[in-house]
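As the structure lists them, so they are numbered: ligands from 1, and atoms in each ligand from 1.
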Amino acid sequence: MNGKLAAIRRNALVHAGPVVEMHKTELISVDPNDPQAAVMEQAATLIEEGRLVAFPTETVYGVGADAMKAGAIEAIFAAKGRPADNPLIVHVAGPDMLASLVTDIPAAADKLIDRFWPGPLTLVLKRNPNVPEAVSAGLPTIAVRMPQGRIALELIRRSGAAIAAPSANLSGRPSPTRASDVWTDLNGKVDLILDGGPTLVGIESTVLDLTEWPPMVLRPGWISGAEIEAVLGEIRRPQGGEELRRSPGTRHRHYSPKARVLLVKKGTPEGLCELCSRFAGNDVGFIGYAKLGPVDQSIKQITFVNDAAAYSKSIYSALRDLDEAGVSVIVVQAPEESAATDAIMDRLSRAASEIIDMA
Ligand code: TXA
Ligand code: MG
């Protein structure tokens, strides 16, 4: 065994399950509009060597590896502490890369690809048996998407690999929308983090299952059910536990900060103020659009406008920042509901330990 390998073995952290190798993690700033060629080459070489590189997409940061390398896929699961039954999304630089990943591209997929790629729409198709089954957690299907943004696309093109990449957080924590969030969760567990600044959308892609008709939304996202319906004519919204069965990821605890989250629907400034002051002096944080007026100085407030896009962009960083500030309770004011708030309400409901309707 060479010295380097021996050092890695010595440093291996043994968790409940798989072994996580210790890495010296490099963090490099990259211009998202004009990524430096030398840095992208370094990142692509790491992917070719079967290592882990975290990078920004338009939705959230992902932690990526060559989808065809079973060992690298195992390393992703270990680094995140991800349950082995939760499949990964494979990222491509264009529809031409699908041939080696899927067995069939239905007409509906072509239509959606024309309309929404590159962009935050993930399609579940039938997996080509060449792809290691660990990518799909043993399922006969595979989730694929073409991300937007030059850093992600160049990493895929330069490495010549389809890149399997879940969100670059520790399993169960809010997805990372800044390189610093990735650093907090995965320093020492990945080889390189490409810092391309904050992500634009802020919540994860819409996941649509096209292996049956009508197609079903397994995870709501920035591209709404109505927009997909406008292209395909019909889709199925999940009923009851159906999406849990079909999309293992939705089964697991998700998007949760360490603090207890109280999600408030239809909260008035007075009602919210009263709720927050119940915890005053006890480290409470508030996220929402209401102006709370004069409240206890100890209440840490993060406000944005009452708009689905503003909430999506900033909700995960706000939850993380309040965690960092050490609060034990976070009161979140839900945005006023509209067709565009489906995805954000899905994530907030999963993060919340309690939902309070003040109507
Ligand atoms: O925006 C995004 O989708 C980000 C960026 C990095 O692309 N990625 C992301 O990946 O959110 P992850 O692993 O955090 O979430 C993947 C979701 C999970 O809910 C998983 O269960 C589902 O996609 N999924 C993956 N493969 C699937 C499959 N074959 N069938 C059903 N669901 C699948
Ligand atoms: Mg995730």
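Of all the listed residues (S171, G138, S205, A54), S205 holds the heavy atom that lies closest to atom 3 (O) of ligand 1. Within the set S175, G202, A165, the minimum heavy-atom distance to atom 8 (N) of ligand 1 is found for A165. Considering only non-hydrogen atoms, atom 1 (O) of ligand 1 lies nearest to T59 out of T59, D85, T199, V135.
Checked by distance only, ligand 1 and S136 stay at 3.5 Å or farther apart across all their nitrogen or oxygen atoms. Note: no N/O pair closer than 3.5 Å links T57 and ligand 1 by distance alone. The distance criterion of under 3.5 Å between nitrogen or oxygen atoms is not met by T122 with respect to ligand 1. The shortest N or O to N or O distance between Y61 and ligand 1 is not under 3.5 Å. Note: an N/O pair closer than 3.5 Å links S167 and ligand 1 by distance alone.
Near P166, the atoms of ligand 1 lying under 4.0 angstrom from a non-hydrogen atom of the residue are 10 (O), 12 (P), 13 (O). Atoms of ligand 1 found under 4.0 Å from any heavy atom of L218, numbered from 1 in the order shown, are 31 (C), 32 (N). Taking every heavy atom of H91 and a limit of under 4.0 angstrom, the matching atoms of ligand 1 come to 5 (C), 6 (C), 7 (O). Within the listing of ligand 1, atoms 25 (C), 26 (N), 27 (C), 29 (N) sit less than 4.0 angstrom from a heavy atom of A143. Remark: ligand 1 atoms within the under-4.0 Å shell around heavy atoms of N86 are 18 (C), 20 (C), 21 (O). Remark: ligand 1 atoms within the under-4.0 Å shell around heavy atoms of T141 are 28 (C), 29 (N), 30 (N).
The hydrophobic cluster containing L200 does not contain I203, counting ILVMFWY residues as joined when their side-chain heavy atoms lie under 4.5 angstrom apart, directly or transitively.
With no hydrogens or angles considered, no side-chain donor-acceptor pair links S205 and T59 at under 3.5 Å. With 3.5 Å as the limit, one finds a donor-acceptor pair spanning the side chains of R145 and T57. Inspection of the E234 and W213 side chains reveals an N or O donor paired with an N or O acceptor under 3.5 Å.
A salt bridge links E354 to R260: one of the charged nitrogens lies within less than 4.0 Å of a carboxylate oxygen. Under 4.0 Å is where a charged nitrogen must lie from a carboxylate oxygen, and between R347 and E204 at least one such pair does.
The distance from the Mg ion (ligand 2) to the nearest N/O/S atom of S167 is under 2.8 Å.
If you look at R127 next to ligand 1, there are no close heavy atoms at all, none under 4.0 Å. Residue contacts with ligand 1 for L88 involve N, CA, C or O but no side-chain atom from C-beta outward (heavy atoms, distance under 4.0 Å). Only the side chain of R82 comes within contact range of ligand 1, with a heavy atom under 4.0 Å; no backbone atom does.
For CD of E324, the number of neighbouring non-hydrogen atoms (other residues, nucleotides, ligands) closer than 6.0 Å is 12 at most.
Between the D346 side chain and the D342 main chain, no donor and acceptor come within less than 3.5 Å of each other.
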Side-chain donor-acceptor distances from residues 98-114 under 3.5 Å, at least two apart:
{"residue": "S100", "atom": "OG", "partner": "M97", "partner atom": "O", "Å": "3.4"}

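For E270, there are no salt bridge (Lys or Arg N to Asp or Glu O under 4.0 Å) partners, not counting sequence neighbours.
Between G196 and Y61, the shortest heavy-atom contact is N-OH, 3.1 Å.
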